[in-house]
J.: 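Sharing a structure here in structure tokens format.
What you are looking at is a predicted structure, and each value in this text was computed from that prediction instead of being measured. Counting starts at 1 for both ligands and their atoms, in listed order.
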Amino acid sequence: MLTSRHLLLLLILCSAGSAQTLRELANERGITFGAAVEPAYFNEVPFAATLTREFNMVEAENAMKFGPIHPGVSAYNFAPSDAIRNFAQTNEMEMRGHVLVWHNQNAPWVEGITDPAQLSAALRDHIRAVVGRYAGQIYAWDVVNEAFNDGTAGTLRNSLWYNQPGIGLTGTGYIEQAFRWANEADPNALLFYNDYSAEHVNAKSDAVYRMAQDFVARGVPMHGIGFQVHFEHTTGNIASVEANIKRLTDLGLQVHITELDVRIPVDSAGNATAADLAAQAQVYRQVVAACLKFPLCTSIQTWGVGDRHSWIPGFFPGRGAALLFDTNYAPKPAYAAVKEAFQTVPPTIRAAGVANAASYQADAVAPGEILVIFGPTYGPAALTGVQLDSNGRVPTEWANTRVFFNGVPAPIVYSKVGQVSVIVPFSVATSRTVQIEYQYKGLRSAPITMDVVPTKPGLFTLDASGLGQGAILDSSYRLNSQANPARKGDVVLLFATGGGVMNPALSDGQVVSSLPLPVPVARTTARIGGVDCPVHFIGGAPGLVAGALQLNVQIADGVPSGQQPVEITIGEAKSQRSVTLWVQ
Ligand code: XIL
């Protein structure tokens, strides 16, 4: 029987689930979710409230285009874009830059230039000034916008920058040059080529793809392709959009959805039918889901916040209501559909991202090895380190995260979107390969398969880089360093993982507390400065979780003085090279 108490509970549970904003969901996906804005709208309270609640990124809808931002030969108008930058900083949002090179909205003075050399210098100065001003503040730029023609198989659009008069370069040369200038002005910014009607696989996107292949092959500093996605609710074949995202991200490029809106028929009062709003919601859901399926599709942005301010009615008569919020900022069916996509697309992981937590060596895993899995595409927005469970164990579920090895849940050290640390269950020792699955909030990734090896030693290093000074203590627990070198005959304490099966056996996630201390079944040797050194002890130590190893190694008399390489071998496998310690 459903009592009122049950109902209340249900209500609380439901509201807890749906209380998440798109901004929070995007943070859990490690992606930017933005909106194009005009600084004038910041004064409208519902606009600003919706923007900061639901989005973690802003972009200038017009303020940074050549005409508005550079109205005279030496006159820049930075006030509007500074206002957007300030808004972003105040509200802890990212900022995307739009746009440096486009055929529209250029300043009359630059359109009047007829000499290619003069035009080239003008563009170079423009890019330097604009990108340079916001260096470190704008994380990604649309460098070139809409350079290809529609329909006519892959031809370049006639434009000021290309050939009217152009900056004196042929083919995609002017595009390449713009990327090089932008890269010089801010070497850390991600640089994008952005276009419309090139979202599906078609003649235009083929041309963009060929350019992308060429730029990647020649090392042109282009980091991604922007898909504008000004769709209609009739736009179909999302599989073709996914195929296009796939081929571009397979080149190692990122994809950003940059100007998403879905226009639908509206009456003279701007109202759409419920059926069209529902169809629109499905397009939004499909586009967002298509992006979320690909780890390198890293940003989704709508071309405005709500239907009160949208370019669509002015440019497509009879169409409108294209955004996620209505003219009063109430969420539309499309809003729920985007949320559903965020909540239902499973995370992904890659075998190449699975590394030893000490050495960062990938390739295979060993029983009890502490790992870092880089790249899960869904997880807690902030890093959350574990607390031991009521049995004193490292838990196998933490912050809604679980990781399975052949179906066995692994102890979790910490979890954050893009990075989770786990300890390989000892039960993998009986298998030659292991299937790893990552799960967040009940959504499980497709499995990846990796080889299992008996041991895979890695030495922990002081700065956790896997290189250089080891995390090494003297017998008084003081750090080894140039100022505190180990003497010949001293015993130093090293820390490692990847020693494989232990005796006596430990259960997964158990913290070592009692004697006898567990030691790896495989034999361990150590070399310091190229000289064999006695290993007095290797194994679990009180307070260390199963899988973490302490080694007590004596500095042999023959070890040379100075900064010396240290290497251990457990079973057949060696620790990473280039870990060092100081010897007196
Ligand atoms: C549009 C703006 O939304 C309008 O306000 C302006 O009048 C014209 O430009 N592709 C782009 C955007 O890359 O810069 C365009 O923005 C929409 C199409």
J.: Is it possible for you to check whether Arg133 lies under 6.0 Å from the centre of the six-membered ring of Tyr76, through NZ or CZ, and within 45° of that ring's axis?
T.: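 No, Arg133 does not sit over the ring of Tyr76.
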J.: Is the terminal nitrogen or CZ of Arg29 (NZ for Lys, CZ for Arg) located under 6.0 angstrom from the six-membered ring centre of Tyr378 and within 45° of that ring's axis?
T.: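 Verdict for Tyr378: a cation-pi partner in Arg29.
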J.: Can you tell me how the ring of His98 sits relative to the ring of Trp303, calling it parallel under 30°, perpendicular over 60° and tilted otherwise?
T.: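 Geometry flag for Trp303 against His98: perpendicular rings.
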J.: Are Phe215 and Tyr193 near enough that their ring centres are under 6.0 Å apart?
T.: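 No, too far apart.
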J.: Tell me, please, whether Phe47 has Arg308 positioned over its six-membered ring: NZ or CZ under 6.0 Å from the ring centre and within 45 degrees of its axis?
T.: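 No.
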J.: In a simple table, one pair per line, please give the protein and ligand 1 atom names for every N or O pair closer than 3.5 Å, along with the distance.
T.:
residue	atom	partner	partner atom	Å
ligand 1	3 (O)	Glu61	OE2	2.5
ligand 1	3 (O)	Trp303	NE1	2.8
ligand 1	5 (O)	Glu61	OE2	3.3
ligand 1	5 (O)	Asn62	ND2	2.9
ligand 1	9 (O)	Lys65	NZ	3.1
ligand 1	9 (O)	Gln105	OE1	3.3
ligand 1	10 (N)	Glu146	OE2	3.2
ligand 1	10 (N)	Gln228	OE1	3.3
ligand 1	10 (N)	Glu259	OE1	2.9
ligand 1	13 (O)	His98	NE2	3.4
ligand 1	13 (O)	Asn145	ND2	2.8
ligand 1	13 (O)	Gln228	NE2	3.3
ligand 1	13 (O)	Glu259	OE1	3.3
ligand 1	13 (O)	Glu259	OE2	2.7
ligand 1	14 (O)	Lys65	NZ	2.8
ligand 1	14 (O)	His98	NE2	2.7
ligand 1	16 (O)	Lys65	NZ	3.2
ligand 1	16 (O)	Trp303	NE1	3.3

J.: With sequence neighbours excluded, give me every side-chain hydrogen bond (donor to acceptor under 3.5 Å, both in side chains) pair touching residues 107-130.
T.: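 Listed once each, the pairs are His70-His126.
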